[in-house]
Amino acid sequence: MSEVKKILLEIVDLRIGIPHPRRETLIIVDNANFDIGYGEMLGIVGESGSGKTMVCRSMIGTLERRGAKVLGGQVLFEGQDLAHASESQWKKLRGKAIGYVPQSALAGPNPVLTIQAQLAEALQKSETKGSIAEQSKELLDLVKIRRIDTVLKQYPNQLSGGMRQRVMIACALASEPKLLIADEPTTGLDVTVQSQIMELLKEIRREFGTSIILISHDLALIDDVCDRVAVMHAGATVEVGSVAELTKPRHPYTIALNQSRIDIAEPGSELVTILGNAPSVGEWPDGCRFAERCTFRQSDCSNGVGHPPLLGERGSHQSACLHTELLEGTR
């Protein structure tokens, strides 16, 4: 009998909206559904505008800083619903039980503070014991930074992109979080440094049992480091499953993402692209939002109101496609 996975965080039917000049609210995410267990690494993939980062912000309570808010659904962290948590509630979790690595290594660090000052700020919010100076050194050592004494005195502009990203990871780990959210942490970094950052995340997970949510456009990277994957398109989760399960996708969008991967392209051949364009944020058609771009489209795919829900038992291989039988034998 397989062991039942213990859930750390669960997103249930999450809906997010922002103010709009021509309507009361513009819906930018709905039907977001996935979970992550203790010690697990979950990848979230999808095109720009699919809702990945906004869902990420709902998990750290910073939606309102972007003028957005949760309109429905649940953000369950260890059973506590944070969908409408107050800022005082978030302050007990953000940067403590939940760590966050921002999208850009260039924009993440404060440019007017030394690395020592930034680490000290992160450590002051934590409840870890020991002197801040020694803990700062331990954090930099943890993220494989050399010349620690020199780096502590430097400013972000004196460090490479990879070094800055390691500093941001160190800050996120200051309070020994149960969950670490990494929002496209390799953006703007060269391939070698990307690989080093991924190895670092894997090592953190192995050593501390930290659950990690990795948001990325790079399916090859997700396949290499994650246990499970949630695929998002046009504000909705369209497929969830293990990395192994998603080698046999049950949604046409996942198939299209796989087929357009650069790492599997034949040298000298024309790159495969996904047909058409994603619908504008909040301007979604009735029925399946991928139907207009789908080579498996059937007459009923555009009927009905709202996007098809994820079909299948939560925790299993789920898909929001109405015609998974047509996808057999495809990748």
Side-chain angles (χ1 to χ4, degrees), residues 11-34 43-55 58 68 70-74 215 217 219 222 228-241 245-261 270-314 316-331:
I11 301 295
V12 183
D13 298 330
L14 187 66
R15 299 177 72 244
I16 299 172
I18 57 174
H20 191 273
R22 295 191 300 275
R23 63 183 77 174
E24 185 177 346
T25 304
L26 178 68
I27 307 299
I28 56 176
V29 169
D30 70 348
N31 289 309
N33 284 277
F34 56 84
I44 302 179
V45 298
E47 294 166 286
S48 295
S50 62
K52 304 185 303 297
T53 293
M54 297 308 281
V55 172
S58 76
V70 173
L71 300 176
Q74 296 176 298
I215 299 174
H217 290 275
L219 275 171
I222 292 289
R228 296 170 62 247
V229 186
V231 183
M232 292 196 67
H233 175 264
T237 308
V238 297
E239 188 163 8
V240 180
E245 288 170 335
L246 263 67
T247 60
K248 296 180 180 179
R250 293 184 182 174
H251 196 282
Y253 179 61
T254 311
I255 293 172
L257 285 176
N258 274 322
Q259 292 175 337
S260 62
R261 285 169 55 163
E270 187 174 342
L271 293 176
V272 177
T273 58
I274 302 176
L275 297 174
N277 297 305
S280 299
V281 175
E283 303 292 336
W284 300 317
D286 289 336
C288 178
R289 295 167 194 166
F290 190 64
E292 293 297 324
R293 312 166 74 190
C294 181
T295 56
F296 302 93
R297 179 181 176 182
Q298 301 296 303
S299 59
D300 60 342
C301 292
S302 298
N303 297 335
V305 178
H307 192 275
L310 278 176
L311 303 174
E313 193 174 325
R314 184 174 280 267
S316 65
H317 189 179
Q318 295 177 284
S319 168
C321 180
L322 299 175
H323 295 284
T324 55
E325 74 281 356
L326 300 178
L327 312 183
E328 292 298 323
T330 60
R331 187 181 189 279

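Below, all heavy atoms of this structure are taken into account, side chains as well, without hydrogens, waters or symmetry copies.
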Peer 1: Does the pair Glu47/Arg293 count as a salt bridge with the N-to-O cut at 4.0 Å?
Peer 2: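 Yes, Glu47 and Arg293 are salt-bridged.
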
Peer 1: So Gln318 and Pro309, do their side chains get closer than 4.5 Å, heavy atoms only?
Peer 2: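 Not in contact.
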
Peer 1: Hey, are the side chains of Trp284 and Ile27 touching, using non-hydrogen atoms and a 4.5 Å cut-off?
Peer 2: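 Heavy-atom side-chain distance check passes, below 4.5 Å.
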
Peer 1: Mind checking whether Pro285 and Pro279 have side chains closer than 4.5 Å, heavy atoms only?
Peer 2: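 Yes, side chains in contact.
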
Peer 1: Closest heavy-atom contact between Pro308 and Leu322?
Peer 2: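 Nearest heavy atoms, Pro308 then Leu322: CB-CD2, 4.1 Å.
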
Peer 1: Can you find a pair of side-chain heavy atoms, one from Met232 and one from Val55, that are under 4.5 Å apart?
Peer 2: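 Yes. Closest side-chain heavy atoms under 4.5 Å.
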
Peer 1: Might you point out which heavy atoms bring Phe296 and Leu326 nearest each other, and give the distance in Å?
Peer 2: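 Closest pair (atom of Phe296, atom of Leu326, distance): CE2-O, 3.5 Å.
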
Peer 1: Report the C-alpha distance between His217 and Ser48 in whole Å, list the side-chain angles of each, state the deciding distance to 0.1 Å, and finish with yes or no for side-chain contact (heavy atoms from CB on, under 4.5 Å).
Peer 2: CA-CA 8 Å; His217 290 275; Ser48 295; 3.4 Å; yes

Peer 1: Applying side-chain contact (heavy atoms from CB on, under 4.5 Å) to Leu14 and Ser58, what does each step give before you reach the verdict?
Peer 2: CA-CA 9 Å; Leu14 187 66; Ser58 76; 3.4 Å; yes

Peer 1: Might you point out which heavy atoms bring Ala68 and Ile18 nearest each other, and give the distance in Å?
Peer 2: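 Shortest heavy-atom separation between Ala68 and Ile18 comes out as CB-CG2, 3.4 Å.
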
Peer 1: Tell me the closest heavy-atom pair linking His251 and Leu327, and the distance in Å.
Peer 2: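 In terms of heavy atoms, the two residues are closest at N-CD1, 3.5 Å.
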
Peer 1: From Glu239 CD over to Cys321 SG, what is the distance, rounded to the nearest 0.5 angstrom?
Peer 2: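 The CD atom of Glu239 sits 9.0 Å away from the SG atom of Cys321.
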
Peer 1: For a quick test of reading the model, state the closest non-hydrogen atom pair linking Val281 to Leu26 and the distance between them.
Peer 2: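 So the two residues come closest at O-CD1, 3.9 Å.
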
Peer 1: When rounded to the nearest 0.5 angstrom, what distance separates CD in Gln259 from OG1 in Thr273?
Peer 2: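 Answer rounded to 0.5 Å: 10.5 Å.
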
Peer 1: Run the side-chain contact (heavy atoms from CB on, under 4.5 Å) test on Val231 and Leu246 for me, step by step, so that the C-alpha distance in whole Å, both residues' side-chain angles and the decisive distance to 0.1 Å come before the verdict.
Peer 2: CA-CA 10 Å; Val231 183; Leu246 263 67; 3.8 Å; yes

Peer 1: Ion pair present between Glu245 and Arg228, side-chain N to carboxylate O less than 4.0 angstrom?
Peer 2: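 Salt bridge absent between Glu245 and Arg228.
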
Peer 1: Is the backbone of Asp13 close enough, under 3.5 Å, to the side chain of Asn33 for a donor and an acceptor to pair up by distance?
Peer 2: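 Confirmed, Asn33 side chain pairs with Asp13 backbone.
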
Peer 1: Just verifying a value: how many Å separate Leu219 CG and Arg261 CZ, rounded to the nearest 0.5 Å?
Peer 2: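 The CG atom of Leu219 sits 5.5 Å away from the CZ atom of Arg261.
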
Peer 1: Once you measure the plane-to-plane angle for Tyr253 and His233, does it fall in the parallel (<30°), tilted (30-60°) or perpendicular (>60°) bin?
Peer 2: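 Tyr253 and His233: tilted rings.
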
Peer 1: Okay, side chain of Arg250, backbone of Ser319: is any donor-acceptor separation there less than 3.5 Å?
Peer 2: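 No; judged by distance alone, with no hydrogens or angles, the pair does not exist.
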
Peer 1: Between Pro252 and Thr295, is any pair of side-chain heavy atoms under 4.5 Å apart?
Peer 2: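 In short, these two side chains do not touch, never coming nearer than 4.5 Å.
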
Peer 1: How close do Pro249 and Ile255 get, counting heavy atoms only, and between which atoms?
Peer 2: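 Taking every non-hydrogen atom into account, CB-CG1, 3.6 Å.
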
Peer 1: Is there side-chain contact between Ile274 and Phe290, with at least one heavy-atom pair below 4.5 Å?
Peer 2: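 They are in contact (side-chain heavy atoms under 4.5 Å apart), so the answer is yes.
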
Peer 1: State the CG-NE2 distance between Leu311 and His317, to the nearest 0.5 angstrom.
Peer 2: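 NE2 of His317 is found 11.5 Å from CG of Leu311.
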
Peer 1: Would Cys288 and Arg297 count as a side-chain contact (heavy atoms from CB on, under 4.5 Å) if you check the C-alpha gap in whole Å, the side-chain angles of each, and the deciding distance to 0.1 Å?
Peer 2: CA-CA 9 Å; Cys288 178; Arg297 179 181 176 182; over 6 Å; no

Peer 1: Give a yes or no on this: more than 12 heavy atoms of other residues, nucleotides or ligands lie within 6.0 Å of atom CD of Glu325.
Peer 2: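 Result for CD/Glu325: enclosed.
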
Peer 1: Measuring from Asn31:CG to Arg289:CZ, what's the distance to the nearest 0.5 Å?
Peer 2: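 It is 6.0 Å, given to the nearest 0.5 Å.
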
Peer 1: With side chains defined as the heavy atoms from C-beta onward, is the minimum distance between Leu71 and Ile16 less than 4.5 Å?
Peer 2: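 The answer is no, as the side chains (C-beta and beyond) never meet within the 4.5 Å cut-off.
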
Peer 1: Could you give the distance from CD1 (Ile44) to OG (Ser50), rounded to the nearest 0.5 Å?
Peer 2: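 Separation between the atoms: 9.0 Å.
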
Peer 1: Side chains of His323 and Asp300, heavy atoms from C-beta outward: is any pair under 4.5 Å?
Peer 2: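 Contact flag for His323/Asp300 side chains = yes.
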
